[in-house]
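Below, chain A is the first sequence line, B the second, and so on; all start at residue 1.
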2 protein chains.
Amino acid sequence: MKEKNVTIRDVAKHLGVSIATVSRAISQPDRVSKKSLERVQKAVNELGYRPNLLSQNFRYKRSNTLIVLIPNIENLFFSQLIRGIESVAQQAGFNVLLGDTQDSPERELNYINLVETQQADGIIQLATFNPEFSIIPSTKIPLVSAGGSANTPYPTIRIDNIHAAADIARHLIALEHTEFAVITGLKNDQNTHERLKGFCDTLLDHSLSLPDTRIYSGDYSLASGYENGLRIIAKPESQRPSAIFCFNDEMAMGACKAIREAGLNIPEDISVIGFDGLQIGEYNEPALTTIMQPGRSLGEQAARYILQWIDGDKPDYNDVIVEHQLLIRQSCDKHKVK
Amino acid sequence: MKEKNVTIRDVAKHLGVSIATVSRAISQPDRVSKKSLERVQKAVNELGYRPNLLSQNFRYKRSNTLIVLIPNIENLFFSQLIRGIESVAQQAGFNVLLGDTQDSPERELNYINLVETQQADGIIQLATFNPEFSIIPSTKIPLVSAGGSANTPYPTIRIDNIHAAADIARHLIALEHTEFAVITGLKNDQNTHERLKGFCDTLLDHSLSLPDTRIYSGDYSLASGYENGLRIIAKPESQRPSAIFCFNDEMAMGACKAIREAGLNIPEDISVIGFDGLQIGEYNEPALTTIMQPGRSLGEQAARYILQWIDGDKPDYNDVIVEHQLLIRQSCDKHKVK
DNA sequence: GATTGTATGGTAACCGGTTACATTTTGCGT
DNA sequence: ACGCAAAATGTAACCGGTTACCATACAATC
């Protein structure tokens, strides 16, 4: 069934030349005579010869492959990052291997193994390794984190989460809100800590605060936004916050649904703000006010960084901050005192 | 800078045994004595030896890699498929290479090349090749399409689009709608043709019809749903359809936004129905009625199919139909005659 | 003690390219 | 026609594993 592939030796034999000539005709055309070049090209076409890249990779000890570690591929923010990574990688002749880790340490280890066994040349980690169980790989492995947080043992390409969360706080304060709730990301996620810190510190600067009972723990999913939204709404009106800061847009959309279903209006009765700047947030009812993270650009820069490192020329900067932007749409408005 | 890796020969030399013994200790432990086994294991740990899988792959002429061709990675339906594929592949020890083709034939060709040059063992195409420009690869290459259409020269795992579109038509007819519009997918997409056919044929069965002026051409994006929604709304009320069938959920969400902004109510004034059954459709205002495609399962089955084929044992069925389901939520209701 | 079987381990070929080095051919000047 | 440098080509080693085949050691059998 499986016919054997045409090899360089077949081509050489067919032409009565050495394999070196064939190899050179293909990879260094000016090292062979015009006549040989033409004969080889003709033979390659006739025989349908395709060089086996597996053997090339083996020879060069290079797989030309990048791994992208993704906590959850169904998260739209990551899709943007991937797109950025993919386009840079493709241009550089690199392939992108998908690593859906589903937050599992075994799966992470699995992918790190691929680099150690030379099946891949480097890793881009989306978001940050969960410090609780993450296998922090040797720093000899080209590894960069994109869209994550500071304080990692490896380079990062990211926005300033603290600053972004502070921007959110200031925006809500400017709208005269005083009672807040947040729906956070995963408990051990660095992004969660930084956004929480940026938000709370800024509240304190304005003599406001966020009580622990107003901190709801989510997991970045639509469903967790919805559930936490229900919990917030369930409180008697006098105890409800007037603004909710959700640590990503998906949870914000979930929370909005809960609020709408309760018959309340956004932003008249309650303001909701998201994080990430997903395009789909614009189609939410109401369109989500949020922080725009330039996902595509984050991905591109991460890819460029890792490619340079793989080329043996690790950049001398370790923490690239990309500008975020407060995207004011319709889900936040001035707080109305009753 | 780059220290060389420990090879099997280093381990052998270190122990004063042959490389064959080391190799066997690792891959066929019962072929060596207990003593040798222990010594090798110890040395492997001490020296930090990791077998070079690049050379293994080369030896076995197997890359253990699957390519997933994705027209657009930011489309949520594809994310589900990928997740299904990834989990099956991972279990089988296969890696998943991401091929974001962005509907470009050069990029498609690029990925097909990877199989021809043995860097990958098979391809899963999400949706269908665009017949206009697609490079239909040789049937010798393990290739399967998931979530696409019938009438392809390669195997498919899919739902019955015609039947699903018919279900939609019947549902809308049962709700007493008589004036319809559709927002289709890409013009050359097979899915578009089939859904259109299924819908129109069923209308005809009920002595209804869809005039060409009510067929709006979209591209599966949120934005194109919105724009076409605006166009539909722009017509004078007497000429407007009472129900819009969008060929995916994203466009349906876009259309809903346009309709909401025009001050109309869904489903009271106009019904909207989507396609794909994305989770996020539940968070739309109003929650989208749609056709559920079991994305995860489609992906899993596609992966199993291609893995079997790669193993040299191509399944003898060529067209797997997976059950779809009409998901009734809130965006369609009985037509009210004014 | 000779014969046979089994367990163990070594030697070397092999996968399909690339390329350093050696060798042959070509082209050019005189 | 000869000499010599440059161009073209060939030979063979190499990348790092796997494994067919062979050699040796030792135990069991008669």
Side-chain angles (χ1 to χ4, degrees), chain A residues 2-41 43-44 47-64 93 113-121, chain B residues 2-41 43-44 47-64 93 113-121:
Chain A
K2 47 166 61 185
E3 59 224 77
K4 57 209 163 301
N5 279 293
V6 180
T7 74
I8 197 167
R9 277 159 235 267
D10 296 329
V11 179
K13 193 172 291 170
H14 178 79
L15 290 174
V17 300
S18 76
I19 55 172
T21 302
V22 179
S23 175
R24 281 191 279 252
I26 291 166
S27 51
Q28 326 168 44
D30 32 339
R31 290 271 286 100
V32 299
S33 69
K34 213 174 159 194
K35 207 180 105 196
S36 300
L37 179 57
E38 281 165 7
R39 290 185 66 215
V40 169
Q41 286 173 335
V44 163
L47 303 180
Y49 167 67
R50 311 293 328 257
N52 180 335
L53 293 191
L54 237 41
S55 80
Q56 278 188 1
N57 288 346
F58 167 51
R59 186 70 229 273
Y60 289 132
K61 297 157 167 274
R62 256 295 188 92
S63 59
N64 289 309
N113 270 340
L114 290 185
V115 179
E116 291 187 330
T117 57
Q118 339 234 333
Q119 279 201 104
D121 301 321
Chain B
K2 47 167 61 184
E3 59 226 75
K4 57 209 162 300
N5 280 293
V6 181
T7 72
I8 196 168
R9 276 160 237 266
D10 296 329
V11 179
K13 193 171 292 170
H14 178 82
L15 290 175
V17 300
S18 77
I19 55 171
T21 302
V22 179
S23 176
R24 281 192 277 251
I26 291 166
S27 51
Q28 324 169 47
D30 33 339
R31 286 275 283 103
V32 298
S33 68
K34 212 174 162 192
K35 207 179 106 198
S36 302
L37 179 57
E38 280 165 8
R39 292 185 65 215
V40 169
Q41 286 173 336
V44 163
L47 302 179
Y49 167 68
R50 312 292 328 257
N52 180 335
L53 292 192
L54 237 38
S55 79
Q56 280 189 358
N57 288 345
F58 168 52
R59 185 70 228 273
Y60 288 131
K61 297 157 170 274
R62 255 295 187 97
S63 59
N64 288 310
N113 271 338
L114 290 184
V115 179
E116 292 188 330
T117 58
Q118 339 233 333
Q119 280 203 100
D121 301 323

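- A:L37 is listed as a side-chain neighbour of A:Q41, based on a closest heavy-atom distance under 4.5 Å.
- Rounding to whole angstrom units, CD1 of residue A:I19 and C1' of D:dA12 are separated by 9 Å.
- Rounding to the nearest 0.5 Å places CD1 of B:I19 at 10.0 Å from CZ of B:R24.
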List every contact pair, protein side and nucleotides 20-22 of chain D side both N or O, where the distance is under 3.5 Å.
none

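- Nearest heavy atoms, A:I26 versus A:Y49: CD1-CE2, 3.6 Å.
- Applying the side chain to side chain contact (heavy atoms under 4.5 Å, CB included) test to A:T21 and every residue at least two apart in sequence or in another chain returns A:V17, A:S18, A:V32, A:S36.
- Each of A:K34 and A:R9 was assigned the nucleotide of DNA chain D with the nearest heavy atom; the assignment lying further toward the 5' end belongs to A:K34.
- Atoms CZ (B:R59) and P (D:dT19) sit 6 Å apart, rounded to a whole Å.
- Here the side chain of B:N57 pairs no donor or acceptor atom with the backbone of B:L54 at under 3.5 angstrom.
- Using a 4.0 Å heavy-atom cutoff across all strands shown, B:S23 reaches at least one base atom of the nucleic acid.
- Of the possible polar contacts, one joining the B:T117 side chain to the B:N113 backbone as a donor-acceptor pair under 3.5 Å is found.
- Looking at heavy atoms from C-beta onward, B:V11 lies in side-chain contact with B:V6 at the 4.5 angstrom threshold.
- In 5' to 3' order, the nucleotides of DNA chain C bounding all contacts with chain B (an atom under 4.0 Å from a heavy atom) are C:dT8 to C:dG16.
- B:L114 CG to A:R50 CZ: the interatomic distance, rounded to the nearest 0.5 Å, is 10.0 Å.
- In this structure, B:S18 and A:I26 both approach DNA chain C, and ranking their closest nucleotides by distance from the 5' end singles out B:S18.
- Contacts of A:S36 with the nucleic acid, taken as non-hydrogen atoms under 4.0 Å apart, involve only primed sugar atoms and P, OP1 or OP2.
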